[in-house]
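Contents: one structure, followed by commentary.
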Amino acid sequence: DPDACLPGPLKDFVFDLHDSARRSMLPAEQVPLYNGTFRELSSKYFATGPWPSPKAISDECGGDPLFLALYRELTHRHLHSVTRPQVQDRIDGWHVYRNLFDLILAEANGEGDRQHGDGLFILPEWAFDILHEFVYQFQGFCQFRTGTYAHVAKSADGGKQPPSHVTESLEALSKNRDAWAVETVLFYLHRLIAVGTQTEGPKKVSVAFRYLALFASVSLSRLECLLGDYRASLAALNPVFATGPGTSIELGEETKTPEEAVTAVFQARLSLAYHCGVSYLMLRRYKDAAKMLGNICAFMQRGFKTGQLRKLAGSDQFSKLYDRMTALLAIITHVCPTEGLIDDGVARAVRDKHGHQLSKIEAGEEGYEDLFIFACPKFVSPAVPDYGQATSPGGFSAGSSGQDAHKFQVKQFMNEMSVQQTLRKLRSYMKLYTSIGVGKLAAFNDMGEDEFLPLLLCYKHKFIQLEQSGDAGEGALEGKLGTALDLHYYISDDMVHVDEAEKQRRFENYFMAQIVQNNEILKDVEAISTEG
């Protein structure tokens with residue numbers, strides 16, 4: 001029982017963490033406690049089990065309800081990472097977050113218990129970890145619910161009895177239908193954004209609530225992407241890219257824009273870039289997707305070389321996400337000209353990792369689907385199934401919407417790629433000519449003229465897309481209409497006239513790459529020992 005005997009260092013940690021969150025509110029005090037001491041105590045005393053309950057340590061923080069809720073979330077998150085959560089753990093997690101957010105919102109609205117301090121301060125990393133885990137556990141619960149229903153329904157269809165633990169899980173789910181309800185999850189995220197971004201009122205919003213609002217925006221973007229609403233995913237990021245009076249965050253003598261505050265927490269920057277890139281791809285905004293994913297991959301390449309990223313928490317997941325983003329870039333660079341949008345080092349990495357797969361696609365074989373399945377997020381369905389049907393014959397097909405959510409997004413993507421393959425073949429022929437007869441070009445594509453003319457119009461339409469201009473304060477969903485094509489063509493008198501965009505010859509990238517390569521060679525030479 002972790003409550004039976006509390007180690008002295010644990011009591012000191014709780015007291016000091018409470019003091020940094022509610023009284024001193026100094027980042028310099030909280031950073032070593034959250035990023036260092038908590039991990040050290042976890043590995044020393046609670047490597048495979050739970051921390052003491054909030055009740056056991058309440059004396060160390062004077063029974064502060066909000067701090068106890070923060071402590072409960074922190075220790076529940078630890079338990080979730082070192083054990084395989086069962087159905088009751090997942091349901092308990094829902095109550096942990098509901099209690100925490102209710103107390104945070106009450107305090108933000110001036111209804112909280114202020115006898116324990118005049119405010120609240122939590123590090124931006126801590127704020128992001130809370131909200132990131134909130135959406136992660138929602139996603140895990142949806143997948144667990146779908147898997148449990150499917151297991152029971154398959155057994156019923158086959159005339160078999162499912163294992164007892166699966167049946168018990170289904171019963172617990174049916175008794176807690178409101179657990180992790182998507183409308184409540186969305187409510188909390190939207191409310192946190194609202195209270196942390198308000199600029200009107202007699203009192204200034206505290207830094208903690210500003211950080212919670214920003215990272216709620218990043219988490220909401222992720223959630224909407226998982227649900228397949230890509231426009232909402234981009235719209236959720238509006239508070240991050242906002243500029244103007246009252247939007248900057250002041251911490252001591254340092255002032256940051258919302259975007260700078262999010263970028264300073266690498267895990268938040270990575271989540272934003274990945275889900276934003278996926279949303280752009282699915283909305284056919286290929287150039288924006290290439291810029292978003294290309295920039296973060298270039299940053300990560302440098303971080304891997306210097307070892308900077310290995311020092312951060314969760315670094316074991318960074319390389320996996322990097323591989324997924326390079327797979328997305330392989331798709332984007334194959335369907336859309338991206339010259340000048342992606343760093344040369346990233347482009348080389350894409351060619352090295354996925355060049356063989358792309359050459360198979362060029363030869364007419366399938367390959368887009370495998371790349372997308374590997375690279376895309378694990379889409380979920382928020383729909384609660386009719387648990388009573390699980391044990392009835394035919395229940396598997398009746399409640400399979402959760403499994404279909406992922407397949408549906410893959411199907412939508414492949415419908416688009418099937419058109420893109422035809423258009424890519426058309427482009428390869430047009431780049432060979434300055435003018436060519438419609439009939440001849442149609443014959444090259446194995447089509448009749450009547451069937452081919454709509455395809456020519458379709459090609460232009462498909463590549464007219466919104467593109468961000470880079471103006472300050474421009475939202476992720478905003479942009480100006482432009483074309484992603486690298487050639488211009490028009491039809492006159494049954495002739496297709498092609499005018500390829502003039503390529504700008506750029507030399508700086510070549511010289512920069514040679515300078516970097518020379519520096520690496522010099523380092524290797526200097527490391528050679530000449531003694532003896």
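In this chain, numbering begins with 1 at the start of the sequence shown. Small disclaimer: the values here were computed from a predicted structure and weren't measured.
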Handout entry: Polar contact flag, side-chain donor to acceptor under 3.5 angstrom, H76-D92
Key = no

Problem - Straight-line distance of D323 CG to M325 CE, nearest 0.5 Å - result: 9.0 Å

Exercise for the section: Measure the CG-CG distance between L103 and L70 for me, rounded to the nearest 0.5 Å. Expected result: 8.5 Å

Handout entry: Check: L79 main-chain N/O paired with T83 side-chain donor or acceptor under 3.5 Å
Key = yes

Exercise for the section: Would you kindly say whether S233 and S221 are connected by a side-chain donor-acceptor distance under 3.5 Å? Expected result: yes

Problem - Steps toward side-chain contact (heavy atoms from CB on, under 4.5 Å) verdict (I342, I332) - result: CA-CA 11 Å; I342 299 174; I332 294 163; 5.9 Å; no

Fill in the blank from the handout: CZ (F209) and OG1 (T197) are apart, to the nearest 0.5 Å, by 13.0 Å

Handout entry: Residues R77 and E73 bridged, charged N to O under 4.0 Å
Key = yes

Handout entry: All side-chain hydrogen bond (donor to acceptor under 3.5 Å, both in side chains) counterparts of H132, not counting sequence neighbours
Key = R222

Fill in the blank from the handout: Residue set satisfying side chain to side chain contact (heavy atoms under 4.5 Å, CB included) with L522, at least two apart, ordered chain then number -> N518, N519

Practice task
Compare all side-chain heavy atoms of F46 with those of P52 and state whether any distance is below 4.5 angstrom.
Solution key: yes

Practice task
Anything under 30° is parallel, anything over 60° is perpendicular, the rest tilted; go ahead and classify Y188 against W94.
Solution key: perpendicular

Exercise for the section: Compute the centroid of each ring, for F134 and then for W180, and state whether the two points are separated by less than 6.0 Å. Expected result: yes

Problem - Test applied, side-chain contact (heavy atoms from CB on, under 4.5 Å); reference residue, N35; option that passes from L33, V31, T37 - result: V31

Exercise for the section: Test S381 against T146 for side-chain contact (heavy atoms from CB on, under 4.5 Å), laying out the working first. Expected result: CA-CA 8 Å; S381 169; T146 299; 5.6 Å; no

Fill in the blank from the handout: Residues passing the side-chain hydrogen bond (donor to acceptor under 3.5 Å, both in side chains) test with Q30, sequence neighbours excluded, are S20

Exercise for the section: May I ask you to check whether F38 and W51 place their ring centres under 6.0 Å from each other? Expected result: yes

Exercise for the section: For the residue pair F101 and R191, establish whether any side-chain heavy-atom pair is separated by less than 4.5 Å. Expected result: no

Fill in the blank from the handout: Between the OG1 atom in T263 and the CG atom in L270, the distance rounded to the nearest 0.5 Å is 12.0 Å

Exercise for the section: Evaluate the side-chain proximity of L186 to L220: yes if any heavy-atom separation is below 4.5 Å, no if none is. Expected result: yes

Problem - Ring-ring centroid check F304 Y322, cutoff 6.0 Å - result: yes

Handout entry: Those residues that, when tested against F318, pass ring pair (Phe, Tyr, Trp, His ring centres under 6.0 Å) (two or more places apart)
Key = F266

Handout entry: Residues E107 and R22 bridged, charged N to O under 4.0 Å
Key = yes

Problem - Interatomic distance, M300 atom CE to Q308 atom CD [nearest 0.5 angstrom] - result: 11.5 Å

Exercise for the section: Just jot down the side chain to side chain contact (heavy atoms under 4.5 Å, CB included) partners of R90, sequence neighbours excluded, or say none. Expected result: P85, F141, F144

Practice task
State whether the side chain of R145 and the backbone N or O of P382 hold a donor-acceptor pair below 3.5 Å, judged by distance alone.
Solution key: yes

Exercise for the section: Just jot down the ring pair (Phe, Tyr, Trp, His ring centres under 6.0 Å) partners of Y230, sequence neighbours excluded, or say none. Expected result: none

